[in-house]
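The next block holds one structure in the form of structure tokens; read it before the comments.
What's counted below: heavy atoms across the whole structure, side chains too, no hydrogens, waters or symmetry copies.
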Amino acid sequence: MSTFTTNKGGSLSRFLLCKRWRVAVAVIRTCRAMSKLATLPWTTMTHPYAVLDVRIDQQHFGFSAADLASLVRDKNPDHLTRRGGVRGVLAGLRTHIERGINGSDADVRARSDAFGRNALKKPPSKGFLRFALEAINDKILILLLACAIVSLAFGVKQHGLREGWYDGGSILVAVFLVVAVTAVSNFRQSKQFERLSEKYNDVSVDVMRGGRRREVSVFDLVVGDVVWLKIGDQVPADGLFLEGYALKVDESSMTGESDHVDIDGEGMPFLMSGAKVVDGYGKMVVTAVGSNTTWGEMMGSLAGLGSAGEKTPLQERLEGLTSAIQKVGLSVAAVVLVVLMIRYFTGNTQDDDGNQEFHGSKTSTNQIINSMVKIFSAAVTIIVVAIPEGLPLAVTLTLAYSMKRMMADQAMVRKLSACETMGSATTICTDKTGTLTMNQMTVVQFIIGDESPNTSLGVPRNVVELLRSGVVLNTTGTVYKADPLAEPEISGSPTEKAILSWAVKDLGIDMEEIKSSCALVHVEAFNSEKKRSGVLVKDNTTNMMDVHWKGAAEIVLAACSHCFDCEGMKKSMDRDRRSKFEEIIEGMAQDSLRCIAFAQRRVSDEDTEFDEGGRVRKIRDEDLTLLGIVGLKDPCRPGVRKAVQDCKEAGVDVKMVTGDNVFTARAIAFECGILDQKHSSGVAVIEGKDFRNYTLEERMEVVDEIRVMARSSPLDKLLMVQCLKQKGDVVAVTGDGTNDAPALKEADIGLSMGIQGTEVAKESSDIVILDDNFTSVVTVLQWGRCVYTNIQKFIQFQLTVNVSALTINVIAAISSGEVPLTPVQMLWVNLIMDTLGALALATEKPTRDLMKKPPVGRTEPLVTNIMYRNLVPQALYQIAVLLALQFKGSSIFGVDDRVKKTLIFNAFVLCQVFNEFNSRKLEKKNVFEGIHKNRLFIAIIGITIVLQVVMVEFLRRFADTERLNWVQWAACIGIGMVSWPIGWIAKCVPVADGPLFGLLKHH
């Protein structure tokens, strides 16, 4: 809809003339459409109506997408002037400056068809084949594949295709299974990360459509939309400034320039997508979306570049552990290789029929090469089992699983490392409003003079008029009524909505009437440092100017020299009156009320500061007249007291950092359980300015004792975080404002708020709390500890397998000249251990026990004494039993060598299956607790057992096994089950706190 001025007769005539022309054009187009319909073959139609697909192109709006995109990209005022300026663009886009676009589904669809959607074209994601190639791009697996191919070639040559493919082909199939499972797992995690990224980018934007302010998804933004911008917002698309005050943006992400850019309607109305609002507020009209924006063009040029994957601190720590195990594995493999080759060439090895393999010069070259390939394959397979490839996979699985579950628990992870680090958090510095409280404010008390009138009728008429002006003109909220009898729709921040709701109900404000009677001359927007906002307004009838201030009660009160009493009489603010107001504010604050004061002053040009350009530089903020004080109640969130108590039990300090005054902050802290009687004195409650004025030594001395910091600025929060980190704490910080960004970045874990948090705060954070609830912060803490514990469980499980497998192979190779497990069997164990084991143990959910232990320190060893205590007895037991089977198995069970090897293989696998249960609990003796809640664990155990039965009973040629009878199966199961009582007995042994092996300690 175009914008017209109807104040003068000439403008009205032009308006009516244009309207007639539009009617005429519409009639002509309709007639043409009907004449075309007349030529259609009506006899072929089966319905008594026809559907017209009317497509509106860019010409309908007067501009092409390219024209509009060049406006902001070039930032050339002359180009804008040639298109009629901002109002010319509005007219061409059929946008009303106050009411926005029509907003109907047809209108939005037409704009989207003409100018595109506000979404960037995604670069092609990695396909499954890429993940498969990455999985197979492992030097050890490549060596094993080469051995398998050579073995396959010699086998086919010697025994023909029908019988000769088994050895080499079995290894190929086993390698294929390992690669396939790894690729599928990584592919699924990649898709999950993509979905999380899409969720993160889907932010809400305030737009004006059809005269109604509403929130829409940023992806649903269209050209012509009027968008509201405030401090902390990210500009969602390219556009032109319409109106606003003191609007400044940070374009450093686009231009690299750190200086903030002043946006106004004269010289610099251009707003680039991706820029961040750092001050003021305003409205813009969207001129380009999606790939047509400046940001879209830049991202399109970078689409093919890609970036390296993020490595988390835990993954880096695991590299040291993996490196140590690799060295041991390579050494063992080298020993086995040398021993087997010596035994072969000295004639001490036999083939499957019991005949000597090597006969000196009588042995053919093909036989020697084939034997060497088998020996080399055995050595390489030992390396495959020894190298803990499952550790990175376990980390990826547990992080991905935790991210998915945390999303369901109202926490969206932006940086993987935060999942782990949160588990080590020792201190949480939290906001009050919206995090500890519900952020659902209502005005419950109003003070004028030194009394609280029962109804609005008790407020003097002159004070009501001034209050109405102060509320309506000094707000960023809006009140919309579809018709006079409809309920008002109020938009804005929770504080603004509460005050406007009160003003509509008790003061009977009419926003449109009051706004039309005055003109805004200058605005000083609210920010967290000033804690107040002010406006300079000029009455359109009398040309008189007034200043209106609104903000924290004690700050506004300090600027007042007069006040109104209950009769509407203006009184001087003497010491007694000021003390009375201070007592009232303190009393309201002790009732957990947020106190907001309104003040006014009549000014003249002589009282106003102007800059060289004749614009107002500063609004007078002294000698004000206090109009009244409102008390806003924001109740604590249900469950927040218990969440704070849980943190205390987990050894995590909770500190409240708020902009409210000391009395409100203290009352809320007691209500939430952050403060108790033992913290009621000393420096437990402190104001930000006092902490800021301390020396560094003084701050370091008192920072641990502080529980509440009131009237704090973002700088105070940053100072607190720096002090805590210097003392060795792992600090988590919550924040929602733009000015919280430095503290969020400085903290070990930055937690931004998903509802009230600005885009700047979210960009600076590691995790976004979607429901702004402190209980969700505690849930994140639980998940962080769960991630760390799950990784430790898997490390314990894998180290047990590594130690036992390597020891058995070395002893057997040296003593008997053969490796008990074939390459295919070892790869099957590797699959159980690396992939299925990681999946089973990495997906355990957090338990209440995790919150009863102290936080893990920064330098805590990854492999703890508790883990050593658990794994050493299991490994020794497995080694003893399997070596007994290796040397005495045939006589014990009365079986031949092939059945004996099958017994060793089966017993070894079942030992790992039963030991997975032991690994579920590092310290608790009852390893079955909560197992019914982890269906995935039960499913994996079931799948492993079924596949093991298939391997032994049905894939004999493939796995080189023999069928076992019921007695032999029962013996293998019994051998595996013994690991349960061993695990129970081991956990009865107390352990020391100090690390046993410095090699596996993180430095």
Side-chain angles (χ1 to χ4, degrees), residues 170-171 173-174 177-178 181 378 381-382 384-386 388-390 794 796-809 812 819-841 871 874-886 889 893 895 898-920 937-956 958-980 982-983:
S170 299
I171 298 174
V173 172
L177 282 173
V178 172
V181 172
T381 308
I382 289 172
V384 171
V385 175
E389 294 165 325
F794 179 73
Q796 175 183 297
F797 173 68
Q798 185 161 50
L799 285 178
T800 305
V801 183
N802 284 343
V803 171
S804 56
L806 289 176
T807 306
I808 292 163
N809 281 315
V819 177
L821 302 177
T822 67
V824 171
Q825 292 171 354
M826 295 282 268
L827 285 171
W828 170 235
V829 173
N830 191 58
L831 186 65
I832 295 174
M833 184 175 63
D834 282 359
T835 307
L836 298 180
L839 197 59
L841 294 171
L871 74 87
Q874 296 290 347
L876 291 175
Y877 166 71
Q878 291 181 21
I879 292 167
V881 169
L882 296 178
L883 286 178
L885 287 176
Q886 170 70 13
F893 288 94
V895 295
R898 286 180 62 83
V899 176
K900 181 196 75 173
K901 289 182 177 179
T902 304
L903 283 169
I904 293 172
F905 168 57
N906 201 33
F908 184 64
V909 169
L910 290 176
C911 279
Q912 312 321 317
V913 170
F914 285 100
N915 194 36
E916 276 190 75
F917 288 87
N918 289 325
S919 299
R920 288 189 67 244
F937 182 89
I938 297 172
I940 289 171
I941 293 295
I943 290 169
T944 304
I945 293 172
V946 170
L947 290 177
Q948 179 64 14
V949 172
V950 171
M951 288 279 286
V952 172
E953 299 294 325
F954 302 102
L955 299 177
R956 290 176 294 163
F958 170 75
D960 197 15
T961 57
E962 289 292 326
R963 283 189 172 181
L964 301 179
N965 59 37
W966 287 108
V967 174
Q968 291 161 349
W969 267 104
C972 292
I973 293 171
I975 289 170
M977 287 187 68
V978 173
S979 66
W980 286 350
I982 289 175

ask   = Taking atom CD of Q948 and atom CD1 of I945, what is their separation to the nearest 0.5 Å?
value = 9.5 Å
CG-OG distance between L841 and S919, expressed to the nearest 0.5 angstrom = 5.5 Å
key: Over all atoms of both residues, closest heavy-atom pair of E916 and G837   = OE1-CA, 3.8 Å
key: Under 3.5 Å: donor-acceptor pair, side chain of T961, backbone of M951   = yes
note = Heavy-atom closest pair (L964 atom, C972 atom, distance to 0.1 Å) is CD1-SG, 4.4 Å
remark   = CD1 (I938) and CD1 (I943) are apart, to the nearest 0.5 Å, by 12.0 Å
key: Side-chain donor/acceptor of Y877 to backbone N/O of I975, under 3.5 Å   = yes
remark   = Rounded to the nearest 0.5 angstrom, the CG-CD1 distance for L882 and I808 is 4.0 Å
task = Would you please name every residue forming a side chain to side chain donor-acceptor pair (under 3.5 Å) with Q878, sequence neighbours left out?
result = S804, Q912
key: Any donor-acceptor N/O pair, N915 side chain to N918 backbone, under 3.5 Å   = no
task = Show your reasoning for whether side-chain contact (heavy atoms from CB on, under 4.5 Å) applies to F914 and I973.
result = CA-CA 9 Å; F914 285 100; I973 293 171; 4.1 Å; yes
key: D960 versus Q825, side-chain donor and acceptor atoms under 3.5 Å   = no
message = Just so I know, are the side chains of L947 and W828 near enough to count as touching, which here means a heavy-atom distance under 4.5 Å?
response = yes
request  = Would you check if the side chain of R898 reaches a backbone N or O of E962 as a donor-acceptor pair within less than 3.5 Å?
outcome  = no
Distance, nearest 0.5 Å, that separates CZ of F937 from CZ of F917 = 5.0 Å
Set of side chain to side chain donor-acceptor pair (under 3.5 Å) partners for Q796, sequence neighbours left out = N870
ask   = Do you know the tightest heavy-atom contact between I940 and L836?
value = CG2-O, 3.6 Å
key: Check against side-chain contact (heavy atoms from CB on, under 4.5 Å), Q886 and K900   = CA-CA 7 Å; Q886 170 70 13; K900 181 196 75 173; 4.3 Å; yes
query = Closest approach of L885 and I904, non-hydrogen atoms and distance?
reply = CB-CG1, 3.7 Å
key: Nearest heavy-atom neighbours spanning V803 and A875   = CG1-CB, 3.8 Å
ask   = In Å, rounded to the nearest 0.5 Å, how long is the span from CG of L903 to CH2 of W969?
value = 10.0 Å
message = For F908 versus A805, what's the shortest heavy-atom pair and its separation?
response = CZ-CB, 3.8 Å
